[in-house]
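One structure below.
Start at 1 and go down the list; that is how both ligands and their atoms are numbered.
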Amino acid sequence: MRTAADLKKVLHKIDGRGYKAYKDIEGKYDCGDYILLVDHVQGDPFASPSHVRVQVPGKMAGFPSETYSNKSREVALRDFLTRRFLEATRRFSKGNRGTGKSGIISIDRPGQEILERTSAFVTEEYVEARFVMGLPAFGRRIAGGHAQAMFFEELPRILHASLFYKNLHEKTLHEHIRTSEDADFLRDQLDRLGLVAFVADGAILPRASGIDPAPLRGGRVVPFEPPESLLVEMELANRGAITGMGIPKGVTLIVGGGYHGKSTLLRALELGIYNHIMGDGREFVVTNPYTVKIRAEDGRYIEKVDISPFITNLPFGQGTRAFSTEDASGSTSQAANIIEALEVGAKVLLIDEDTSATNFMIRDQRMQELVSKDKEPITPFIDKIRQLYQDLGVSTILAIGGSGDYFDVADLVICMVEYRPYDLTIEARTIAERHKAGRTPEGGESFGPITERIPLARSFDPSKGRREVKISSKGLQSIVFGTHAIDLGAVEQLVDISQTNAIGDAIYYATRYMDGTRTLGDIVDAVLKGTREKGLDVLGPRPTGDYAEFRGLEFAAAINRLRTLSARKKD
Ligand code: ADP
Ligand code: MG
């Protein structure tokens with residue numbers, strides 16, 4: 001193996017030469033207490049920066065085995081190392097110098113969630129960090145001296161501060177791991193206890209702002225306080241028992257006046273599929289891992305989805321057993337979003353009136369009388385919500401302040417008053433008895449079929465110009481797959497651009513399983529099995545530090561929004 005001295009020599013030799021000469025440094029170097037791997041060198045100083053890894057031998061890194069002895073701990077430790085590495089780049093990297101991206105050293109940037117990422121790995125053998133470096137140049141001439149400073153002054157400081165156990169704050173590291181393990185432990189217990197969600201006593205749900213996911217701070221924050229009737233005690237792996245509000249399986253309404261905290265509670269439940277960092281306020285807010293936020297999404301593409309449980313008899317005899325459109329309406333998009341989620345295993349639906357199509361949600365007595373059922377294609381959700389639970393075992397939590405007709409179909413009614421939840425189930429039942437809704441149920445005998453689809457490989461073309469495969473993410477909410485953009489703006493449980501990166505590449509990876517017989521569900525399962533067994537690295541051509549774990553639900557959502565998608569119904 002080449003050594004640090006060899007790298008120094010090359011950098012000295014290529015100093016002042018054209019940028020392409022940087023290619024000479026690709027390879028592996030023994031640098032004493034770590035190994036440096038320059039995996040991919042950027043083509044010019046403006047291109048996306050070069051991919052670099054370091055591996056510190058396990059013995060030197062010194063992490064006690066209990067810090068990564070199960071999956072939960074391992075993920076949390078890797079997350080922690082990424083955060084510390086990032087922090088160290090801010091401290092020790094001089095940053096931009098020279099042309100374009102010259103001088104940058106940077107790693108994936110985790111947010112409030114703790115996710116499995118490819119930016120850091122821990123095994124008995126070594127601790128690995130994957131990051132990028134903007135190899136420095138002035139114009140197109142290699143700045144070899146600056147490169148030496150980056151590799152031999154800044155980088156060693158960064159990795160010593162972040163990848164060696166003895167240099168980390170021990171208590172913070174252990175707390176981080178314990179908190180995340182406790183959240184997993186909590187989430188794992190939900191199903192057995194007949195719950196779909198748990199919100200801990202004292203949790204802080206509101207966020208600093210619509211664009212800042214940090215917790216809201218200050219004197220006006222109301223910590224979560226569970227109503228007596230819903231109080232449950234749960235055992236944690238590390239912290240002993242905690243109490244909080246348990247939401248049972250079935251149909252739950254979150255009602256209350258405008259601005260009293262309905263959507264804030266629902267949003268916290270949406271993100272309860274993830275673990276949160278200490279101090280977030282939602283550390284012990286957990287939901288069933290197959291919980292999906294459903295919303296209206298007019299304008300979206302739909303390919304052969306059987307939306308007949310909700311919509312039939314469209315004008316001009318348009319069928320709905322295999323409904324396709326380039327431009328869905330509010331109600332058809334919301335129906336498709338539900339069916340597609342059920343197709344890949346959703347167990348809990350979260351719906352907010354704020355982002356729903358009104359005509360999909362309700363149809364009251366007066367409207368039923370004015371517009372007869374044979375002139376209305378939509379069977380409103382209110383007539384399907386119980387069948388969802390009875391026929392398919394799928395629970396719903398619905399934030400709705402606008403329609404009391406839903407009292408008839410609810411198992412539980414939580415009312416938010418000044419950010420405090422109250423159990424008003426009995427009151428709502430009494431009112432429902434006193435004032436009969438008078439509407440006629442339109443849902444029929446059963447929920448109806450969930451027809452699976454088989455995606456066709458030929459409808460996935462990742463090529464662009466001369467590139468056979470060109471896939472990139474443009475921010476959190478958009479993937480460009482070949483020449484086609486996938487809009488993920490309505491896929492609200494995606495939280496990290498590294499998830500978007502991974503999903504983009506996973507779509508291409510998935511095409512190997514598209515044999516004309518596998519359903520979308522089969523394909524999603526096959527891809528997740530691959531990433532679980534071999535790691536997220538299987539998705540791309542070479543090791544990258546910018547993948548994060550994603551669920552089958554978001555993955556399927558991305559495939560469903562690819563506007564070239566062609567599928568056939570499974571018979
Ligand atoms: P609703 O959906 O009932 O209309 P929201 O959930 O949108 O209400 O909340 C309205 C506002 O109140 C938001 O700005 C939110 O940040 C704030 N808020 C929500 N919950 C709390 C809380 N527990 N403490 C303080 N402010 C809160
Ligand atoms: Mg709201």
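Contact analysis puts H260 in contact with ligand 1, with a non-hydrogen atom separation below 4.0 angstrom. At least one heavy atom of V221 sits closer than 4.0 Å to an atom of ligand 1. Heavy-atom distances between G258 and ligand 1 reach below 4.0 Å in at least one pair.
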Margin query: Before you tell me yes or no, could you show the steps for E340 and R300 under salt bridge (charged side-chain N to carboxylate O under 4.0 Å, His left out), namely the whole-Å CA-CA distance, both residues' side-chain angles and the distance that decides it to 0.1 Å?
Written below: CA-CA 13 Å; E340 287 171 348; R300 68 157 284 193; 2.8 Å; yes
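Each of N501, D505, D108, T118 was compared with Y547 under the side chain to side chain donor-acceptor pair (under 3.5 Å) criterion, and only D505 meets it. Just one of Q477, R267, K293 meets the side chain to side chain donor-acceptor pair (under 3.5 Å) condition when paired with E492; it is K293.
Taking any N or O of G261, backbone or side chain, at least one lies under 3.5 Å from an N or O belonging to ligand 1. Note: an N/O pair closer than 3.5 Å links S263 and ligand 1 by distance alone. Between P206 and ligand 1, no N or O atom pair is found at a separation short of 3.5 Å. Considering backbone and side-chain N/O atoms, R207 never comes within less than 3.5 Å of an N/O atom of ligand 1.
The shortest heavy-atom contact between I507 and F555 is N-CE1, 3.7 Å.
Between the side chains of T500 and S473, no donor-acceptor pair of N or O atoms lies under 3.5 Å.
Counting protein heavy atoms only, atom 11 (C) of ligand 1 is closest to Y259 CZ, 3.4 Å.
In K262, the parts holding a heavy atom less than 4.0 Å from any atom of ligand 1 are both the side chain and the backbone. Of all the heavy atoms of R220, the ones lying under 4.0 Å from any atom of ligand 1 belong exclusively to the backbone.
Within the model, atoms CZ of F224 and CE of M245 stand 3.5 Å from one another, a figure rounded to the nearest 0.5 Å.
In terms of distance to the Mg ion (ligand 2), the nearest N, O or S atom of D354 is named OD2.
For ligand 1, the atoms lying closer than 4.0 Å to a non-hydrogen atom of G257 are 3 (O).
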